[in-house]
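Following: one structure in structure tokens, then a few remarks.
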Amino acid sequence: GYTNASWTLKSDLTTQYMCRLIRHMDKNQLTAFEVVNNDASVEERPFLDLSSGYVSRMMDKLPKQGSKAPWKLYQNYTMDFIKLKFERVNDDVVRFTR
């Protein structure tokens, strides 16, 4: 979700993307997928860019994100809308198998 907008906006986009991914798998008779980071220059960053006490105290337990796309959460609905709704699912990050 988003920290600057309703979290449901991102969950809707994510769900629609997963449906596209499953349709792609069905169409191409694929049985599994995994996401793979082949970019050694991606650095680990905190998942949330918030300095609130309750967030700071839990930072080591929260998920992480990367320093750049597609591993970075940009908090930008328009960018996510375009990427998750229109870009192809068989990119260089998602690896499919039969």
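All figures in this text were calculated on a predicted structure; none of them were measured in a lab. Counting begins at 1 with the first residue of the sequence.
- Taken together through direct or relayed side-chain contacts under 4.5 Å among Ile, Leu, Val, Met, Phe, Trp and Tyr, L9 and M18 form part of one hydrophobic cluster.
- Atom CG of L21 is separated from atom OG1 of T14 by 12.0 Å, given to the nearest 0.5 angstrom.
- In this view, K72 satisfies the salt bridge (Lys or Arg N to Asp or Glu O under 4.0 Å) rule with no residue, not counting sequence neighbours.
- Remark: side-chain polar atoms of S6 are paired, donor with acceptor, to backbone N or O of T8 under 3.5 angstrom.
- Taking CG of L13 as the start and NZ of K85 as the end, the distance is 7.5 Å to the nearest 0.5 Å.
- Applying the salt bridge (Lys or Arg N to Asp or Glu O under 4.0 Å) criterion to R45, with sequence neighbours excluded, gives E43.
- One distance of note links CZ of F81 with CG of N76; it measures 12.5 Å at 0.5 Å rounding.
- Residues that satisfy the side chain to side chain donor-acceptor pair (under 3.5 Å) test with N28, not counting sequence neighbours, are H24.
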Let me check something: any side-chain donor-acceptor pairs from residues 29-38 under 3.5 Å, sequence neighbours excluded? List them with distances.
from : atom 1 : to  : atom 2 : distance (Å)
T31  : OG1    : T97 : O      : 3.4
N37  : OD1    : D39 : N      : 2.9

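- A distance of 7.0 Å separates NZ of K83 from OH of Y17, quoted to the nearest 0.5 Å.
- Evaluation of the side chain to side chain contact (heavy atoms under 4.5 Å, CB included) rule for K64 yields E44 as partners, not counting sequence neighbours.
- W71 and Q65 make their closest contact through O-CB, 3.4 Å (heavy atoms, listed as atom of the first residue, atom of the second, distance).
- A distance of 14.0 Å separates CZ in F47 from CE in M58, rounded to the nearest 0.5 Å.
- Cluster annotation: W7 is not connected to V55 through the hydrophobic network of ILVMFWY side chains, with a link wherever side-chain heavy atoms come within less than 4.5 Å.
- In terms of heavy atoms, S67 sits closest to S41 at OG-O, 3.9 Å.
- I22 shares a hydrophobic cluster with no other residue; no ILVMFWY side chain has heavy atoms under 4.5 Å from its own.
- Side-chain contact check for K10 versus L84: some heavy-atom pair is nearer than 4.5 Å.
- By the rule that hydrophobic residues join a cluster once side-chain heavy atoms approach within less than 4.5 Å of another member, L62 and L73 end up as members of one cluster.
- Criterion: ILVMFWY side-chain heavy atoms under 4.5 Å apart, direct or through other members. Under it, F86 and M79 are not part of a common hydrophobic cluster.
- Considering every non-hydrogen atom in both P70 and V93, the closest pair reads CG-CG2, 3.6 Å.
- Considering every non-hydrogen atom in both S56 and S51, the closest pair reads OG-O, 3.5 Å.
- With rounding to the nearest 0.5 Å, the separation of CZ in R88 from CZ in R20 is 11.0 Å.
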